[in-house]
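Structure first, commentary second.
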Amino acid sequence: MVDRILLDVAYGRRPADTIITNGTLVNVLTGETYPAEIGISGARIAVVGPDLPRGPETEVIDAGGGYLVPGLIDGHLHIECSKLSVTSFADLVVPYGTTSVVSGLDQILVVDGLPGVRGFLDEAARTGMRVWWGAPAKAPYTVPESTVGHTFGPAEHLRAHEWPECVGIWETVQEFVEHGDEAVMEALDLAAKHRLPVFGCAPLSDPRRISGLAAAGIRLDHESYSAEETLEKLRRGIYAIVRESSVAHFLEENIKVVSQVGARRVAFCTDDVHAADVLAGGHMDKLVRMAVKAGVDPVTAIQMATVNCAEMYRIDHLVGSIAPGRFADVLIVDDLADFRVREVVADGALVARDNAMITPSAPPARGEVRPFPVPELAAGDIVLRAPEGATTVTALSMRMSPEQVFVRKRHDVTLPVTGGIVEPSVEQDALYITVVERYGKTANRPVALVNGFGITRGAIATSAAPDDNNIICVGASRSDMALAVNEVVRAGGGQVVVVDGEVRRLLPLPVGGIVSDLPAGEMAEAESHLDDLARELGCALPSPLMYLFFLSITAIPDYAITDLGLVDCVKLEVIDPILSWS
């Protein structure tokens with residue numbers, strides 16, 4: 001519906017509701033900077049130009065000689081991985097200039113289905129952060145499909161594609177395309193029918209696979225581990241989103257592509273961020289500064305964080321630039337090279353100043369927190385059984401290292417057998433890991449082995465664990481593992497560290513068992529404490545709880561664990577961790 005009042009303001013027949021004055025416009029559409037005023041009607045920009053007419057009711061925002069920059073866009077973000085609710089996350093990142101994010105909301109989707117997603121989108125509408133939703137290609141993403149509260153397939157796509165926030169198909173994992181997953185193929189057909197773009201997820205992809213993805217219509221990808229991989233995707237017509245998350249640090253490497261081929265088809269994302277990292281260094285504004293430091297022209301870096309991303313997602317008529325008809329999301333910045341956001345205007349209202357919200361957002365009322373429908377575990381429930389008659393086994397342990405973020409390689413270990421049970425080994429750093437199905441649909445709780453955590457006592461557990469949000473737990477003590485899982489169940493979701501039968505710290509995650517309404521500062525303190533406790537147990541990984549909850553993602557090579565068991569992520573099948581025995 002055409003906004004007639006907006007048109008009246010644009011044509012000069014009516015004064016603007018708000019005018020931002022005394023600033024230099026960064027026009028990301030043309031690459032120019034020049035003095036201009038911004039006239040706003042309601043939540044939209046109506047006119048940009050010099051000396052705009054005022055009325056007696058016009059509110060004037062004085063930019064104080066600063067630069068006027070479009071609100072920044074995070075091109076691929078799992079909000080729930082922050083463990084903050086949509087409200088708390090918005091209040092964290094908006095003061096740093098992020099006014100739009102593209103997210104699949106896939107964690108709340110597998111927990112609460114489409115009603116859960118709808119609730120999160122409605123919640124976002126009450127904050128200063130706009131959420132553009134990508135409907136997941138399918139959910140869960142795990143192959144073979146793990147147990148979740150709600151699945152998402154073609155029937156749900158038919159409904160979701162009608163939602164105004166739906167901007168495409170999210171996280172189309174390359175294995176789905178290469179192996180012709182029928183549900184995903186049908187989702188891509190529906191996307192073509194509804195003229196929705198398709199977003200890829202293709203880490204460590206070679207030219208052959210990239211060609212297949214491009215042929216399938218994948219429009220963009222955020223998962224390149226090297227500049228060479230990024231360039232191959234660009235050469236084959238796939239837009240590239242350069243990622244810099246709290247743990248996956250790829251911007252410094254992949255920004256090299258800009259010096260080779262330019263930035264026209266390149267944008268930024270964070271994918272997954274911790275509250276502490278944002279509070280310490282910023283969000284998308286940090287990526288702009290990093291790009292400038294790497295040699296990218298400041299206006300080009302701002303384009304990558306705004307209009308480039310908007311064009312990729314075909315939402316550039318709504319966000320990504322300061323131009324008539326777009327949402328009035330405007331940042332006031334004093335220095336383009338040292339890009340620090342002084343003030344934030346969202347939907348035409350001044351909402352943040354000096355990296356803090358002027359008025360914090362209020363979360364919606366939440367329902368009663370209930371324990372998960374999971375029977376209490378004992379130490380004897382967490383065992384890896386050996387073949388009959390075995391005295392020792394050679395087993396496959398998933399090996400993790402900080403050098404290759406989240407990637408799990410094969411590591412064979414020889415372990416003793418006692419009473420028919422394979423004994424884990426602290427000395428070999430071959431620890432038990434289990435996933436406990438939390439939805440009450442099965443009694444699944446497989447046990448496998450993991451190398452790289454370095455824990456010598458105690459256990460850590462989390463129910464925030466994409467892609468299915470079952471409870472995942474690793475430890476040096478089976479009794480501590482059982483207590484950790486039971487504590488998460490009792491709390492109705494959370495993260496916990498247990499040592500010698502004592503709960504050392506529990507972080508409750510009462511919203512869906514995955515996020516909390518805690519303010520970002522309190523979340524940062526809790527995250528830091530949990531990770532410090534894990535390090536006291538011997539863990540040397542840079543972010544112990546985040547490394548733990550990514551172990552169930554089968555899209556990351558070479559191995560994963562879900563409630564179905566140990567998964568070979570290349571063959572896409574559940575395998576026995578025991579290789580041989582004697």
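Positions are given from 1 along the sequence.
Counting only residues at least two apart or in different chains, side-chain hydrogen bond (donor to acceptor under 3.5 Å, both in side chains) contacts with residues 373-383 comprise D381-R445. Applying the side-chain hydrogen bond (donor to acceptor under 3.5 Å, both in side chains) test to pairs two or more places apart or on separate chains, those with a residue in residues 105-120 are H78-D106, D106-Y141, D106-W170, Q107-N469, R118-D122, R118-E165. Within the structure, every pair that satisfies the ring-ring contact (aromatic ring centres under 6.0 Å, His included) test and touches residues 370-429, not counting sequence neighbours, is listed here: F406-Y547, F406-F550. Applying the ring-ring contact (aromatic ring centres under 6.0 Å, His included) rule to pairs touching residues 99-125 yields nothing, sequence neighbours excluded. Residues in residues 534-548 take part in these salt bridge (charged side-chain N to carboxylate O under 4.0 Å, His left out) pairs, two or more places apart or across chains: R504-E536, D532-R535.
Closest of all the heavy-atom pairs between E437 and T442 is OE1-N, 2.6 Å. Taking each heavy atom of V131 and S103 in turn, the nearest pair found is CG1-CB, 4.4 Å. Across all their heavy atoms, V447 and P577 have their closest contact at O-CG, 4.2 Å. L188 and A216 get closest at one heavy-atom pair: CD1-O, 4.4 Å. The minimum heavy-atom distance linking A275 with L84 is given by the pair CB-CD1, 4.2 Å. Heavy atoms only, all atoms of each residue included: S88 and D517 are closest at OG-O, 3.1 Å.
For the residue pair H529 / R505, a side-chain donor-acceptor distance below 3.5 Å is found, with atom types taken as modelled. Using modelled atom types, one finds no donor on one side chain facing an acceptor on the other under 3.5 Å when comparing E186 with H157. Side-chain contact annotation: W132 with S100, donor-acceptor N/O pair under 3.5 Å present.
When the side-chain hydrogen bond (donor to acceptor under 3.5 Å, both in side chains) test is applied to R490, the partners found at least two apart in sequence or on another chain are E487. Under the side-chain hydrogen bond (donor to acceptor under 3.5 Å, both in side chains) criterion, S397 pairs with no residue, sequence neighbours left out. In this view, Y439 satisfies the ring pair (Phe, Tyr, Trp, His ring centres under 6.0 Å) rule with no residue, not counting sequence neighbours. Residues passing the side-chain hydrogen bond (donor to acceptor under 3.5 Å, both in side chains) test with D568: none are found, sequence neighbours excluded. Partners of E123 by salt bridge (Lys or Arg N to Asp or Glu O under 4.0 Å), not counting sequence neighbours, listed by chain and number: R366. Remark: Y313 engages F199 in a ring pair (Phe, Tyr, Trp, His ring centres under 6.0 Å) (not counting sequence neighbours).
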Quiz item: Can V417 and E423 be said to form a side chain to side chain contact (heavy atoms under 4.5 Å, CB included), step by step?
Solution: CA-CA 6 Å; V417 176; E423 296 285 357; over 6 Å; no

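With Y559 as the aromatic partner, K409 does not meet the cation-pi criteria of under 6.0 angstrom to the ring centre and within 45 degrees of the ring axis.
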Would you mind writing out the side-chain donor-acceptor pairs for residues 145-154 within the sub-3.5 Å range, not counting sequence neighbours?
from : atom 1 : to   : atom 2 : distance (Å)
S146 : OG     : T142 : OG1    : 2.7
S146 : OG     : D468 : OD2    : 2.7
T147 : OG1    : D563 : OD2    : 2.7

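Between R478 and D480 there is no salt bridge, since no side-chain N of the basic residue sits under 4.0 Å from a carboxylate O of the acidic one. In summary, D558 and R410 do not engage in a salt bridge, as defined by a charged side-chain N under 4.0 Å from a carboxylate O.
A distance of 7.5 Å separates CG in L77 from CG in D272, rounded to the nearest 0.5 Å.
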